Every structure is written in C-alpha cells, then in structure tokens.
Number of protein chains: 2
Amino acid sequence: MSNQNNITLGNLEPTGTVSPKGERCDAAANRKLILATAEKLFAQHGVENVNMAQIAQAAQVGKGTIYRRFANKAELCLALMDSQMADFQNVMLERMRKMTAEGVTPLGQLDQFLDALVYFIEDHAPLLDEVQREGLLGNYDLQVPHFWLHMTTSGLLRQAIEARELLPQLDVAYIADALLASLRANVFLFQRQVRGFSLERISAGLRALVAGLRFVEAE
Amino acid sequence: MSNQNNITLGNLEPTGTVSPKGERCDAAANRKLILATAEKLFAQHGVENVNMAQIAQAAQVGKGTIYRRFANKAELCLALMDSQMADFQNVMLERMRKMTAEGVTPLGQLDQFLDALVYFIEDHAPLLDEVQREGLLGNYDLQVPHFWLHMTTSGLLRQAIEARELLPQLDVAYIADALLASLRANVFLFQRQVRGFSLERISAGLRALVAGLRFVEAE
DNA sequence: GATAATAGCGGACTCTAGTCCGCTTGTCAA
DNA sequence: TTGACAAGCGGACTAGAGTCCGCTATTATC
C-alpha cells in the first residue's frame with residue numbers, strides 16, 4: 001500500500017462566480033453585483049428571510065437578470081460557497097498528501113476528513129440548507145458538492161479496506177451515503193439548534209460509526 | 001434483563017383522518033372527501049405533480065376549505081399516512097413483545113425493526129418525501145413520525161447497551177439520528193431511483209452500521 | 001467607424017402556496 | 001320550534017418563485 005498517495009479527487013466545477021466563456025462585461029459586472037448584494041442581505045437578515053425580488057431590488061437589476069444567471073436561490077447560494085468549497089477541497093487534498101507521507105492510515109485520514117467536514121458544514125449551514133432543500137433528486141448542478149464528498153468518502157473507505165483496516169465485504173457506496181446523510185444541513189441544523197449537540201459530539205458520533213466498521217482479524 | 005419487555009412506544013397523535021371534538025358534520029364530510037380526492041389524484045399523477053388547487057377543484061370545495069383543515073400539502077400527506085403509520089407502530093410493538101418473550105436480544109430486535117422500516121419507507125416514500133420536505137426544523141406536527149422512530153430506535157439502542165450488546169459509551173441520541181438520517185425519504189429515493197440500490201442492500205448496509213457498534217468484551 | 005447579430009436587460013406576466021373576509025349553515029339552548 | 005352564535009364555506013386576494021418578450025447594448029467583423 002505504499003503507492004496509495006494519489007486519491008482521485010475530482011475538482012469542483014466552478015459555477016456562478018467564474019466568468020463563462022464569452023460573457024459580456026455588463027453581464028459579468030451584474031453577476032458580481034448580484035452575488036455581493038445577496039451575500040450582504042443574507043448576512044443581515046439570514047438566508048431564509050431574503051427573497052429573490054429583494055436581492056434584485058437591492059442590486060438595482062431586474063428579476064430576469066438574476067434568473068438568467070442563477071436558476072434559483074439554491075444555485076445562488078452554491079455560487080456564494082464556490083471558493084470556500086474549492087478551498088476546503090484543496091486543503092483536504094494537501095492534508096491527505098501530508099498524512100500519507102507521514103504514514104497515517106486511510107482510516108485515520110477518513111477520521112480527520114469527517115471531523116473537518118463537520119466544521120465546514122457548521123460554517124456554511126444556512127447556505128447549504130438552501131442548496132440541499134430540493135433533496136438529492138433535484139437539478140444536477142446542485143449535487144456536485146455532494147458527489148465530491150461522496151467520492152472522497154468512498155475513496156477513503158476503499159483504501160481503508162485495501163489496507164485491511166475495514167471489513168472487506170463493506171458496502172462502500174451505501175456507507176458513504178449513510179455517513180453523508182447524517183451531515184445533511186437540515187439534520188445538522190436540527191442537532192445544533194434543537195438538540196443542542198456540540199460540534200465535538202457530532203464529530204465523535206460520526207467517527208464512532210466508522211470506527212465500528214473496523215476489521216478485526218478473525219481467529 | 002428479564003424485565004425489559006415493555007418498551008415505551010408513544011402512540012402517534014392522530015391527525016386529519018380523525019374527527020376533532022365537536023367537528024360539524026359538513027366539515028367532517030369535506031375532510032373525508034378531500035383526503036379521498038387527494039389519494040386518488042396522487043395515485044393517478046404522483047404526489048409531486050398534484051397541487052392543492054387541483055385537489056380543491058376535483059373535490060368541488062374551495063381552496064380555503066382545504067387549508068382550514070390541513071396547513072399545507074405535507075400535512076395532508078401525513079394525514080393520508082395516518083392509519084398506516086399507526087398500523088406499523090402496532091405491528092412493531094407486537095413483534096417486539098413476541099421477540100422479547102422468545103428471548104431475542106434488543107440488538108436483534110433493532111435489526112428487525114430497521115429492516116421493517118426500510119420496507120415501510122419503500123411503500124410510502126412519495127408521501128414521506130412531501131412530509132419531510134421542510135426538514136426537521138419545520139412545523140412540529142410534521143415531526144411526530146420522526147420523533148416516534150427516534151424514540152423507538154434510541155430505546156432499543158439503550159436496551160442493547162444494558163444487555164451489554166453495544167458499547168456502553170455509545171452516544172445513543174446521536175446514533176439514532178444518524179441511522180434515521182440515512183432513511184430520510186429524499187436520500188432513500190435517491191438510492192432507489194438513481195443508485196439502483198435494492199431494499200435488501202439498503203437494509204443490509206444500515207444493519208451493518210449497527211452491527212459495527214457491537215460490544216466486544218475487552219481482555 | 002459603422003453595422004449586424006445576439007446576448008442581456010427589465011418588469012409585466014404566470015403559477016402555486018397560502019390568506020382572509022363576508023356570507024352561509026350547522027348546532028345547541030331556551 | 002326558534003334564534004343566536006360561531007364554525008365553516010368559497011373564491012378573491014397576496015406573496016414569492018419563476019417565465020418571457022420587446023427593447024437595448026455589447027462585441028465582432030468589415
């Protein structure tokens with residue numbers, strides 16, 4: 001397992017914050033203005049309390065202008081998270097490379113990945129809640145972050161199996177889904193706001209689920 | 001652990017299908033008519049493709065009449081599931097009593113409960129998807145089924161701990177949340193429709209998560 | 001610099017969830 | 001049986017998500 005240091009993490013497809021090829025300068029300026037305006041209004045009033053007409057009015061653009069660039073509020077929220085998601089990905093990639101070089105096992109890496117993910121979700125929960133509102137069967141673009149997280153999680157699970165850390169017969173695709181399901185924004189917010197769970201508690205609980213899947217050599 | 005056969009399963013609060021105290025006969029008739037009409041339209045066109053105005057029209061009542069009884073479509077869907085939810089609860093309760101009498105351990109009972117729940121969700125996924133659309137932070141009435149499932153799951157987990165089947169330090173509240181999160185209708189439908197997971201696969205994956213939390217006596 | 005093509009604009013419009021008010025009807029007490 | 005009260009009615013109305021069409025402005029080509 002000495003050659004396991006290149007995890008295939010797909011890059012996120014950039015959405016709204018990056019200029020599409022051939023975008024006119026006025027459209028580009030409006031796109032930036034819309035994002036900046038939305039970010040400001042969300043910070044002032046909370047994501048769920050701001051509607052698209054209010055963003056259009058505050059930005060002094062027409063509603064059609066907003067919808068030409070962003071199919072819906074979820075896509076606008078996803079665009080606002082773009083660079084942070086990419087940063088998170090890059091930081092995680094770098095961290096895993098380091099850990100691999102230092103001999104940290106795949107299961108240890110998964111542990112740290114999930115822990116970091118809990119903190120990432122804490123920082124972006126309101127936006128994520130909006131992004132995930134439609135569920136997993138909605139518009140493909142909105143599922144890109146989930147696909148990446150699933151791919152990363154399942155990649156690490158597979159490596160842990162190959163390293164004989166986890167049970168060989170483990171259903172990786174299912175387990176990755178289940179782990180990520182418990183980190184859906186609406187579940188997470190419920191745990192934080194209603195149950196009063198701390199981040200440490202959430203992280204520990206999640207990692208305990210993984211730890212339980214450890215491979216104990218038969219005999 | 002010989003006295004562990006009375007699990008405290010709260011009864012579901014009946015909603016829309018049961019006459020509230022003092023309900024007028026015309027209101028009662030309309031309520032039944034609305035439910036029957038909705039059920040028919042949902043069966044014909046799918047839950048997500050039928051709106052409240054269509055139900056009102058088909059039932060030949062005013063829209064206000066629907067909203068007087070059901071706060072929203074989710075509550076209407078929950079009402080449609082009322083008796084099936086109550087049946088499921090009763091069947092599970094009876095089954096657990098039997099299993100306890102036969103000496104099936106709490107962990108074995110949890111296994112069967114989760115398996116049965118997978119099949120229940122399969123039968124009611126479209127309605128549940130509508131009920132759960134608002135997430136866990138929404139209107140309290142819509143969370144009653146979730147609360148009951150959580151209570152049952154955590155009750156069984158606690159008994160398994162007391163029976164020394166599961167790790168004593170297990171965070172029961174967190175684990176129950178996580179298990180149920182993976183059975184949220186939108187996740188479930190994604191697994192069924194997009195991933196093509198079979199019910200057996202989903203059930204097995206879920207039960208593997210629980211199995212991993214087994215208590216192995218230190219030595 | 002001028003012109004043509006089309007991307008982009010704004011806001012009137014549509015659709016659906018949900019609200020609410022004046023009128024009607026069912027129920028209960030006398 | 002009658003009258004009073006309030007539950008219940010229907011549909012016009014509001015609010016917000018989203019659509020779309022006639023007009024404008026940007027850009028590429030000559």
Side-chain angles (χ1 to χ4, degrees), chain A residues 16 18-35 37-38 41-42 45-79 127 129-135 138-139 141-142, chain B residues 16 18-35 37-38 41-42 45-79 127 129-135 138-139 141-142:
Chain A
V18 180
S19 301
K21 186 162 276 209
E23 187 185 42
R24 272 172 32 180
C25 64
D26 55 342
N30 278 331
R31 185 173 32 77
K32 283 172 189 158
L33 177 61
I34 288 162
L35 287 171
T37 306
L41 288 175
F42 290 160
H45 306 290
V47 178
E48 69 279 7
N49 299 319
V50 178
N51 68 46
M52 297 291 258
Q54 288 166 339
I55 297 169
Q57 188 176 47
Q60 294 182 305
V61 299
K63 256 184 36 185
T65 299
I66 297 208
Y67 282 103
R68 188 169 293 100
R69 172 56 61 217
F70 307 106
N72 47 45
K73 192 172 165 188
E75 211 171 289
L76 178 56
C77 289
L78 184 58
L127 289 174
D129 195 31
E130 190 63 45
V131 171
Q132 294 172 354
R133 193 171 295 273
E134 232 177 87
N139 152 23
D141 287 341
L142 296 179
Chain B
V18 179
S19 301
K21 185 162 278 213
E23 186 184 43
R24 278 174 25 181
C25 63
D26 55 339
N30 277 333
R31 183 170 33 77
K32 284 175 188 152
L33 176 60
I34 288 162
L35 287 171
T37 307
L41 289 175
F42 290 160
H45 306 290
V47 179
E48 68 281 6
N49 299 320
V50 178
N51 68 44
M52 297 292 258
Q54 289 165 339
I55 297 168
Q57 187 175 49
Q60 291 180 308
V61 299
K63 257 190 20 191
T65 298
I66 298 209
Y67 282 103
R68 188 167 294 99
R69 170 56 63 218
F70 306 105
N72 46 43
K73 193 173 164 186
E75 210 172 287
L76 178 57
C77 289
L78 185 58
L127 289 175
D129 195 32
E130 190 62 45
V131 172
Q132 294 172 354
R133 191 168 295 273
E134 236 179 83
N139 154 23
D141 287 343
L142 297 179

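Here the structure is a predicted model, which means the values were calculated and not measured. Throughout, protein chains are lettered first and strands after them, A, B, ... in sequence-line order, and every chain is numbered starting at 1.
For E48(A), the side-chain contact (heavy atoms from CB on, under 4.5 Å) criterion is met by no residue, not counting sequence neighbours. Under the rule for a side-chain hydrogen bond (donor to acceptor under 3.5 Å, both in side chains), the partners of D26(A) that lie at least two apart in sequence or sit in another chain are R24(A). In this structure E130(B) satisfies the side-chain contact (heavy atoms from CB on, under 4.5 Å) test together with V47(B), K73(B), C77(B), R133(B), sequence neighbours excluded.
With rounding to whole Å, R133(B) atom CZ is found 16 Å from dA17(D) atom P. Distance, I34(A) CD1 to dC9(C) C1': 11 Å, rounded to whole Å. For the pair F70(A) CZ and dA17(D) P, the interatomic distance rounds to 15 Å; values are reported in whole Å. Separating the CD atom of Q60(B) from the P atom of dC9(D) is a distance of 14 Å, rounded to the nearest angstrom. Distance CZ (R31(A)) to C1' (dA7(C)): 14 Å, rounded to an integer number of Å. For N30(A) and dG10(C), the CG to P distance is 6 Å, given to the nearest whole Å. If you take CG of N49(A) and P of dA15(D), they are 16 Å apart, rounded to a whole angstrom. Summarising the geometry, the separation between NE2 on H45(A) and P on dG16(D) is reported as 13 Å, rounded to the nearest angstrom.
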How does protein reach along nucleotides 15-26 of chain C, written 5' to 3' as B (base within reach of a heavy atom under 4.0 Å), S (only sugar-phosphate), or - (no contact)? -SBBBB----BS

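R68(B) places none of its side-chain heavy atoms less than 4.5 Å from the side chain of N30(B).
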Which donor-acceptor pairs under 3.5 Å do side chains of residues 51-62 of chain A form with protein atoms, sequence neighbours excluded?
| unit_1 | atom_1 | unit_2 | atom_2 | d |
| --- | --- | --- | --- | --- |
| N51(A) | OD1 | A53(A) | N | 3.0 |
| N51(A) | OD1 | Q54(A) | N | 2.9 |
| Q54(A) | OE1 | N51(A) | N | 2.8 |

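Nearest heavy-atom pair, G138(A) versus E134(A), reported as atom, atom and distance to 0.1 Å: CA-OE1, 3.1 Å.
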